[in-house]
Amino acid sequence: MKELLVYGISGAASLFIFGYCVHIFVGGMVSEETETMLIAAVVIISAITMGYFIWDAIRRSR
C-alpha cells in the first residue's frame, strides 16, 4: 500500500512538471488559450501513457 502512495505522488508531480515544461517552452509566444490547450493535451497524453504502464505492470505481475 505504501508503494501506491509513493507512485501516486510521483505520478502527480510528473504531470505537474510536464505541464510546467509546456508553459516554459511556449509561454508568451502563443495566446493564453492555446497554451492552456497545449498543456491539457500534454498532461492527458502523459496520464494515458502512465496508465498504460501501470496496466502493463499489473498484467505482467499476474
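What you see below is based on every heavy atom in this structure, not just the backbone, and it leaves out hydrogens, waters and symmetry mates.
Side-chain atoms of Ser46 and Thr49 include no donor-acceptor pair closer than 3.5 Å.
Using a 4.5 Å cut-off between side-chain heavy atoms of Ile, Leu, Val, Met, Phe, Trp and Tyr, with links allowed through other members, Phe25 and Ile39 fall into the same hydrophobic cluster. Criterion: ILVMFWY side-chain heavy atoms under 4.5 Å apart, direct or through other members. Under it, Ile45 and Val42 are not part of a common hydrophobic cluster. Transitive grouping of hydrophobic side chains (ILVMFWY, heavy atoms separated by less than 4.5 Å) keeps Ile44 and Leu38 in distinct clusters.
In terms of heavy atoms, Glu35 sits closest to Val26 at CG-CG2, 4.1 Å.
Under the 3.5 Å distance criterion, the side-chain polar atoms of Thr36 are matched with a main-chain donor or acceptor of Glu32.
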Please set out all donor-acceptor pairs under 3.5 angstrom arising from side-chain atoms of residues 5-21, sequence neighbours excluded.
from  : atom 1 : to    : atom 2 : distance (Å)
Ser10 : OG     : Val6  : O      : 3.2
Ser10 : OG     : Tyr7  : O      : 3.1
Ser14 : OG     : Ser10 : O      : 2.8

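Environment of CZ in Arg59: crowded, with over 12 heavy atoms of neighbouring residues, nucleotides or ligands closer than 6.0 Å.
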